[in-house]
Amino acid sequence: MNTILKPLGSMVNEDSTAVRNTGMADKSKIPVPKATPETQHFWDGTKAGVLRLQRCCECSQIYFPPRPFCPACVSRDVEVFDACGRAFLYSYVINQRPHPAFDGPYSIAVVELEEGPRMMTNIVGVEQTPQALKLDMPLVVTFEPLNEDISLPYFQPAEQPVEQSSKQHAGGGR
Amino acid sequence: MKPSSIAIVGAAETTELGRIPGMSQIQLHADAAINTMHDAGLKPSDIDGIATAGESPVAIAHYLGITPKWTDGTQVGGCSFMLHVRHAAAAINEGLCDTVLITHGESGRSGIGRGPWNTASASLQGQFESPYCSMGPPTTFTIPVLRYLKDTDTTLEQLASVAVVQREWAGLNPRASQRDPITVDDVLGDRMIAYPFTKTMCCLVTDGGGALILTNAQRAENFPNKPVYIVGTGESSETPMISQMQDMTTSKAFRVSGQQAFTEAGITHNEVDHVMIYDAFAHLPIYGLEDLGFCGRGEAGAFISERNTAPGGRLPLNTNGGGLSFMHSGMYGMYALQESVRQMRGTAPAQVPEAQISVCHGVGGMFGASGTVIVSNQKAGQRG
């Protein structure tokens, strides 16, 4: 039973979408990422509950998605480090079409990490409405296992106590 | 390329547009190609260069009985055909071939004879975007717009006006799929697809195709239809992942491509009579007008809602009705090129009187790539 995505059910349209999706939320319908040698450290990190970025040791560029060289200066001298997990909401849509992994409308968002890079995510632990999802609102990362190997990073409002939210959405948030 | 050295001498769409369940995707290419060869008075043995996207150029050449000396399978999404025009012009000028056929066909609605759309789970998109359950372009290509609206004080009403104005143009086009007039309230009140995008702010999904034939400008005078000269071209790419755009309020690929095309053409924006900007979604014309330099930052929403691009306005834009109202098979760039050619030939259903220069701008993927083609019915230096 999907847990992290379930609280997203009660949102924008009280009508048909939510009803249609009742009981359908099925985490197995989420496309599971397949790590490559260049991205393995990232997925090892999310499994351990940390968000890992990379930094160039020559020009200090911090970047995402992972690759074993700096996209700014092509240096191969790069290092992996743990991000702080804080971000803000850069932009998003709220998908109203039914998806089997979700109980109702859900946000598909791009967040800007405190370290600079942006990444796609779903915003969880908050009503999926334009009123609740304010651009530039502070967010914090949380993790949700999809299987033994892959945990996905999601983001939730920073005001919300992380402990409580982790319980609500089960599994992640270590 | 040297402006006006190459011309479009053949152009046509598929016989039918819209819902064509009786035709496979490769046959849509062929139907468009045959109509285009007829338009140019040519047969397959006259064609020695082939370019296409969505299908292999090898498959299209073989299907049509063409033996190419030059092939281009550039596949960067819906603007691939703008890039094909640019590449073909260079190839003809280089003497690699004489007569190039560019084809597009797509069974976007009926899905006949086309493979599934898959993202490999080990690709960067597969790892870092797909898990967030974006269900294709309506929920992905649309992500940047809330950031744009906030940063530029553009309103949802202005965004909706893009669809309203284009529907007015579609009303003048008998081949357009959606022709009934709509209001801003209709658009905003329509079924929500992905907030803030309602259904009418998203492109159609249809079947169809189109093709072009290009040759050098000297030969171009001897064809049945008036030559349409290529006066400037540009192309670029930014990212296959929309989350990795440098800035979600402007497309780097648009800016680079547009600037190349204008520089090559040696024209100013004031000289442009007609514009096509690939409109997969309502925000694309807004980004296009700004990134191509027709409007300042944050001004395009007001420019459109104040009817500058509407029938009777000073910058007619997407005069076929666009991807929002005319047709959109998936890779719409070919239909934008077809409308630019019609406007330059003087045969468009919503003809812009005495138009001499048309700018045709395409997007590929989701702000992934871009191609710009500027065409004219007059050679450079002979324009009035």
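Convention: sequence-line order gives letters A, B, ...; per-chain numbering from 1.
Atom CZ of Arg67(A) sits in a crowded spot, with more than 12 heavy atoms from other residues, nucleotides or ligands closer than 6.0 Å. Summarising the local packing, CZ of Arg191(B) is surrounded by 12 or fewer heavy atoms from other residues, nucleotides or ligands at distances under 6.0 Å. Dense packing is recorded around CD of Gln75(B), with more than 12 heavy atoms of other residues, nucleotides or ligands lying under 6.0 Å away. Glu148(A) CD: 12 or fewer foreign heavy atoms inside a 6.0 Å radius.
For the pair Cys133(B) and Ile108(A), the minimum side-chain heavy-atom distance is 4.5 Å or more.
Neither the backbone nor the side chain of Val111(A) comes within contact range of chain B; no heavy atom of the residue lies under 4.5 Å from a heavy atom of that chain. The part of Gln246(B) that comes within reach of chain A is its backbone (N, CA, C, O), which places non-hydrogen atoms under 4.5 angstrom from that chain. For Pro131(B), the parts lying under 4.5 angstrom from a heavy atom of chain A are both the backbone and the side chain. Both the backbone and the side chain of Glu129(B) come within contact range of chain A, judged by heavy atoms closer than 4.5 Å. Interface residue Leu124(B): only side-chain heavy atoms are found under 4.5 Å from chain A. Looking at Thr140(B), the atoms closer than 4.5 Å to chain A (heavy atoms on both sides) all sit in the side chain, from C-beta outward. Neither the backbone nor the side chain of Leu146(A) comes within contact range of chain B; no heavy atoms are under 4.5 Å apart. Pro117(A) does not touch chain B: none of its heavy atoms, backbone or side chain, sits under 4.5 Å away. Interface residue Met245(B): only backbone heavy atoms are found under 4.5 Å from chain A.
Rounding to the nearest 0.5 Å gives a distance of 12.5 Å between OG1 of Thr139(B) and CD1 of Ile94(A).
Scanning both residues, Met135(B) and Arg97(A), for their nearest heavy atoms gives O-NH2, 2.7 Å. When all heavy atoms of Lys150(B) and Asp136(A) are compared, the closest pair comes out as NZ-OD2, 2.5 Å. Residues Lys34(A) and Gln127(B) share a closest heavy-atom pair of O-CD, 3.2 Å. Closest heavy-atom contact between Val110(A) and Ile143(B): CG2-CG2, 3.8 Å. Looking at every heavy atom in both residues, Thr142(B) comes nearest to Val93(A) through OG1-CG1, 3.3 Å. Considering all non-hydrogen atoms of both residues, Ile242(B) and Met120(A) come closest at CG2-CE, 3.8 Å.
Centroid-to-centroid, the aromatic rings of Tyr132(B) and Tyr154(A) come within less than 6.0 Å.
Residue with the most contacts toward chain B among Leu152(A), Thr121(A), Thr36(A): Thr121(A) (heavy-atom pairs, distance under 4.5 Å).
The backbone N or O of Ser243(B) lies less than 3.5 Å from no partner atom in the side chain of Arg118(A), so there is not a single donor-acceptor pair. A donor-acceptor contact shorter than 3.5 Å is absent between the side chain of Tyr195(B) and the backbone of Pro105(A).
Between Phe64(A) and Phe128(B), the ring-plane angle classifies as perpendicular under the 30° and 60° cut-offs.
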